Structure formats: structure tokens, C-alpha cells
Amino acid sequence: MRIPEQKIEEIRNAADIVDVISGHVHLRKRGKNFVGLCPFHQEKTPSFTVSEDKQIYHCFGCGAGGNVFKFLMEFKNISFVETVEEIAEHLGIKIDYESHPSDARQNELEELYELNVLAARFFSDNLLKSTDGEEAREYLKRRNIKQPTQKTFGIGYAPYGWDNFLAHAKENKVDLAKVKLLGLIDINDKGEYYDKFRGRIIFPIFSPNGRVIAFGGRILENQENAAKYLNSPESQIYSKRRSLYGLFHSKDDIRKLDRAILVEGYMDLISLYQAGVKNVVASSGTSLTEEQVQLLSRFTKNIIILFDADPAGQKASLRSIEILLKQDFEVKVIALPKGEDPDSYIIKFGKEKFEEEVSRANNFLEYQTAQFEEQGLFEDPAEMTKAIRELVNTLALVGDELKRNLLMKSIAKRFNLREKLIESELNTFLQQQKEKGTVSNARPEQRSTDQQTQSQLALASKATDENPYEKELIRLLYSGEEEIISHILDKISIENYNNHSLRKLAGIVQDGFSEQKFSPAYLIDKIEDEDLQEFIFELTLADESISKKWDELSYNGKIEKDTLDHALETIKNFLLFQIDQQIKLNNQFITDSKDERLHLEMMKRNQELQDEKKSLLSSKNK
């Protein structure tokens, strides 16, 4: 069952975003908008803005933004449907659900989620309540994992025996074939089902929104031919490459602190979380993947790697650095004392000492250099050459040019080498990668908060083609003013926008307007590209001049920026600029071409354009 689109729109239009958000954030009026301290990151000066007119919010600090639905989803960690239902209930709007072709697949996925919940409760009850769970309780006690923490993470116990969960599944009359699909049971040579998890501590794995998607099991007694850890197989609801253990519990703290600590295992994460270090995620003992990094980037771009101090942990750290740098992360590494892991360190020394280690975290280059030094690679000239080249290769993954140059200076200084030599090595490596087609996706400059959208979207087109009024037209299209939107769409076609990104944004308005849906909250929800969304938030909520060119060419400070007169003036100036550009191109064509017949045609066309320009200049806005 699903909520009809018309009903969603009705609820969105009926809800007052200021009323909803002020129930969770203290807001005060500033001009046309409301401001407050952002609930999604720590700040002392309010940068969280809510627009009552446009029914949207945006934080100029961390970039969070959206409509009333998005706010509740992010703030309460609930699904879209749950959000719509909650607001509808608050407004007293009744929802009539409808069936949909995709419901069958959704129902199948829901069944798999429910089976995992059934299993999670079974394992948890065995740990907390059964006599069989005594051994597991003692184990967790020795590991210093307290019962409230066990409940927070849903930790459980799978008892010894071949059919404990199987019997529970049969008792609940569930589809055993689907239970097998989730890896909770398997079939032996005789064609009989048996429990897959036996004599293991169970760690449920949650999706970012809190659904149980898989399980990890740690063996209690070392047994021959038995793996220390056993994990659920991939399924319709679980992809190991796309999952980070603990993210559901830690995402709010990661966002607020704008920093994540990456560890390897379940126990590392749980021990840190229990000690009050809550901005932590685990790669679940696997090599960090690009998909996991993309997932984490939704919450922060700053990461501290904290793997075991053994050789395997050091290798994993170096592999992770490369993947993180490719996706523009700010990377630091904590090197724990020999013989320690995050779990043992936090238990021995406590949170305060651990935070000292965090404050001393090295940048990735310092860490890599220390590893090479420890391996003795700087004692032999040939090995030293290889090691320095390896450092330069890692440096090449840094997208921020200024930062890369500063790090390059540090390498030159550390090894008493000329900067030009390091720069030459760097350029050689980049050229080789380019020829191989494997140049990293790092950008020439890392985006700052203020520059992020414009640099990503390349909103400044080629100087000769840029129309200084395009951006202002987009701002007006997302104003929610029906008469203004109608005039712009009537006078200027989508193809007239030179900038591809702005053309896409105008297209979204055109599609919505044709269905009489043009509120900013609705339109922004239809923008799939996060950078484009960010751009619109900045454009519609920032209290700044439209552009330098606008100020120079037209705006005299007397026309209010959201009036119809202003919109009509902008349309006129857009068209005038376009005519001037076409005349310029035609004149260039006349200069370059030797075909006199074409010269006459271009001159005739220029005269028509001049007449059109005169007509526009003499006309009143209407």
C-alpha cells in the first residue's frame, strides 16, 4: 500500500514548516525568514534558516536542507511514509492508501526485514533471558560490554545446537526458503534445514535508517574448521560493500561533530560508543569500499582511521587512505601503541586519554612516512627513492591544489629535496595516470562550503556565452509566485538557457508548473542532484546581490527582487543580452566568411535583431 501523490501534496501544502521545526529548534525571526542553531551539527552562531514563504530550510554551515518532510526524516531518523503519516495525524488529515504494482516487491522486502527482526529478537532473548545464554553473558562481561549497551546494539546469542532457531522459525510459520535466503539456516546433504549461527555472539547489522539487514556472529569457543566470524550472505536487503556497521547509531554525532572515526570490528566500535566516543563506524573487518565511503560522505568529509597496530591493520589503513582521498575526504590516522586495538585501549585508558590520541592524529602523509620509516625504507637510497615516489603517488590523489602544494613542501622539507623535483615527480605520475585513463576523480580544488555548488556545477559558463540574468531567472522560477513563473516560462524557453545545470533546473519548474505544482518545497524535492539542491537553497535563501553584472548592468536598488515588475525587467534584460550576443556572433561570422551572399543574409538578420531590440527597449513591462 502507498500514499497517493495528491494526498502527499495536500499534506505538504497544509503543513507549516516553521510550526513543525519550531517544535524541535528554537527559531527567531530575522527579516522574512527564521533562524536558529542547526540541529544537525554543532555551532555557536545560527546558520540554520527556515523560509515560511518557500516552506524550506537550509543550514549555511553544514549544508542540510529540504522541505518539512525531509526535516522530520533527518531529525527523527524515520522513513518518508512515517513522516507523512505523522504530519497528517498532527494536521488531522485522513490518509486513504492505494495499491501499486511495486507493492508486491515492497511486500517481499518487508517480509525479509520482518524475518530478520524475528531472528534478532530470538538471539537477544537467548542472551538476556535464557540459561543457555550464561556463557555468552560471561563473555560479554569479561569484554566489559554492559547490558544497556548490549540492548542498544541488539547484541544476541545463538545457542549451540543445530535447530534452535529453525524450531523457532517453524513455530512462527514463516517461509523457510526465505529464511535460508537470509543465511539464517542452510540445507545439509540430506536435504534437511539446520541453523547457520551456532554457539556465537550475534551482532545485528542495521541500515542507516535502523532496519535489521544482516547479522555477524563471533564464535565463543575456538573450534577446528570454524571461522572466528560468520556473516550473513548478500541478499535483496543487504550489500556488504554498501553497509557500515554502527552508522545508524552514530550518524547524528558524526554530523554534529563533522568527523567520523573509522574502526575495523564490532567490538572496537561498541567499546568506543559505550565510553562516550559515539562518532564512530566500522568497516566490519573488510577492506573499505568506495560504496561505503560514498555512504559516509552524506554525513561528513572528515575521517580519522583507527585500525589495529598490527601489520594487517597498518596495511588496511594505507588501502583506506587511497579510497578516501579519491573522494575528497580530509584523512587523519591514529597510530595506537603496539599490541593495542581500539577496544583494549579505551578499556585500559578511558575516554580522556583516547581523546588525546585523537587530537594527536597524524595527517595521512605523516602516517605513511612513519610506516615507511619503521620498515627501514629510508636507510637504503634505492628503497628510499621508491618510498618517496609512493608518497608522491598518494599526494596525487589530493584534489585541493593549495593543500597538495603545502603537503608537497612538507615532503621536500622532510627529505631535504628541492620542491621542483617533487613537483616534477608529481606531474610525471599524473601524466602517466592520465594516459592510462586512471586519473583520480579528485577535483582541481576542494570545495569550500561557500564555493561548493558553483565550482561543482560550473555555473559560470564560457565568458562569451554567459548571460548574467540566467541565475536570477532561476531564483524567480523557484519563488513560488505563480504569475512570475508563468511570465518567465511564457517568454523564455528551456533551450534559451546556456548553462546546462540551469536548463535542468528550469525544466523541473516547467514540468511541475504544467501540473499546477510550483511551490519551492515541491520543486526542490524533485531535484535529484544534491549539488543542484544545494545551489537552489543558497540561491533562494541567501541574502545577497543577484550578481555583480546584474548590479552593474541594471539593478538600481529600487525594484523589490520578488515583484512582477522585477521579473519582467529581468526577462527583458535576458532577451536584450541574448540579442546582443547573437549580433556579435553574426558580425564575427561576416568577418571570417568570404561568401558575400551569406554576408547579406547576416546583415539582414542583424537588422531584424536591431529592430527587435528597439521594440524591447521601447516597450513597457507587461
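What you see is a predicted model, and the numbers here were worked out from it, not measured in a lab. Note: hydrogens, waters and symmetry copies are ignored here, and every other heavy atom, side chains too, is used.
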Report task. Run the salt-bridge test on Glu74 and Lys251 with the 4.0 Å N-O cut-off and return the result as yes or no. Result -> no
Query raised in the report: Any salt bridge between Glu322 and Lys326, counting N to O under 4.0 Å?
Result: yes
Report task. Could you tell me whether a side-chain N or O of Asp511 sits under 3.5 Å from a main-chain N or O of Ile508, the two making a donor and an acceptor? Result -> no
Query raised in the report: What orientation do Tyr273 and His249 show, parallel under 30°, tilted 30 to 60°, or perpendicular over 60°?
Result: perpendicular
Report task. Look at Lys604 together with Glu601 and state whether they make a salt bridge at an N to O cut-off of under 4.0 Å. Result -> no
Report task. Would you give the length of the straight line joining atom CD of Gln582 to atom CG of Asn587, rounded to the nearest 0.5 angstrom? Result -> 10.0 Å
Query raised in the report: So does Lys504 pair up with Asp529, basic N to acidic O under 4.0 Å?
Result: no
Query raised in the report: Among Ile323, Ile304, Leu324, Asn363, which residue meets the side chain to side chain contact (heavy atoms under 4.5 Å, CB included) test with Val331?
Result: Leu324
**Report entry** Expected output: side-chain Ser243 to main-chain Lys240 donor-acceptor under 3.5 Å
**Finding:** no
Requested in this report: Taking Lys29 for its side chain and Gly31 for its backbone only, find out whether a donor-acceptor pair lies under 3.5 Å.
Outcome: yes
Report task. Please tell me if the side chains of Lys76 and Glu86 come closer than 4.5 Å, counting only heavy atoms from C-beta onward. Result -> yes
Requested in this report: Look only at the side chain of Ser250 and the backbone of Val280, and say whether a donor-acceptor pair between them is shorter than 3.5 Å.
Outcome: yes
Query raised in the report: Salt bridge or not for Asp525 and Lys70, using N-O below 4.0 Å?
Result: no
Query raised in the report: Can you tell if the side chain of Phe80 reaches within under 4.5 Å of the side chain of Val84, non-hydrogen atoms only?
Result: yes
Report summary line: Rounding to 0.5 Å, atoms CD (Gln588) and CE (Met602) come to a distance of 13.0 Å
Query - Passing candidate, side chain to side chain contact (heavy atoms under 4.5 Å, CB included) with Ile536, options Ile524, Leu523, Leu541 - result: Ile524
Query raised in the report: Do Asp53 and Lys32 touch side chain to side chain, with heavy atoms closer than 4.5 Å?
Result: yes
Query raised in the report: According to the salt bridge (charged side-chain N to carboxylate O under 4.0 Å, His left out) rule, which pairs have a member within residues 289-299, sequence neighbours left out?
Result: Arg241-Glu291
Query raised in the report: Is there side-chain contact between Arg475 and Lys471, with at least one heavy-atom pair below 4.5 Å?
Result: no
Query - Within-4.5 Å side-chain heavy-atom neighbours: Ile11 and Ile95 - result: yes
Query - Non-neighbouring partners of Glu52 that pass side-chain contact (heavy atoms from CB on, under 4.5 Å), sequence neighbours left out - result: Asp16, Val18, Phe34, Gln55
Report task. Please check if any side-chain donor atom of Asp565 sits under 3.5 Å from a side-chain acceptor atom of Thr563, or the reverse. Result -> no
Query - Side chains of Gln292 and Ser320 in contact at under 4.5 Å (non-hydrogen atoms) - result: no
Requested in this report: Mark yes or no for whether Ser615, through its side chain, and Asp611, through its backbone, hold a donor-acceptor pair below 3.5 Å.
Outcome: no
Query - Donor-acceptor pair, side chain of Glu470 and main chain of Tyr497, under 3.5 angstrom - result: no
Requested in this report: Specify whether Phe577 and Tyr469 have parallel, tilted or perpendicular ring planes, treating 30° as the upper limit for parallel and 60° as the lower limit for perpendicular.
Outcome: perpendicular
Report task. Using modelled atom types only, decide if a donor and an acceptor are shared between the side chain of Tyr478 and the backbone of Leu505 within a distance under 3.5 Å. Result -> yes
Query raised in the report: Distance-only, no hydrogens or angles: does the Asn302 side chain make a donor-acceptor pair with backbone N or O of Asp258 under 3.5 Å?
Result: yes
**Report entry** Test item: Arg259 side-chain N/O and Ile254 main-chain N/O as donor-acceptor pair under 3.5 Å
**Finding:** no
Query - Within-4.5 Å side-chain heavy-atom neighbours: Thr300 and Asn279 - result: no
Query - Separation between CD1 of Ile303 and CG of Leu262, rounded to the nearest 0.5 Å - result: 4.5 Å
Query raised in the report: Quick one: which of Phe71, Phe75, Phe69 gives a ring pair (Phe, Tyr, Trp, His ring centres under 6.0 Å) with Tyr57?
Result: Phe71
Report task. Without swapping roles, check the side chain of Ser486 against the backbone of Glu483 for a donor-acceptor pair under 3.5 Å. Result -> no
**Report entry** Minimum side-chain heavy-atom gap Thr540-His58 below 4.5 Å
**Finding:** no
Query raised in the report: Hey, what do you get for CG (Leu72) to CD1 (Ile21), rounding to the nearest 0.5 Å?
Result: 8.0 Å
Query raised in the report: Hey, what do you get for CE (Met603) to CD1 (Ile590), rounding to the nearest 0.5 Å?
Result: 6.0 Å
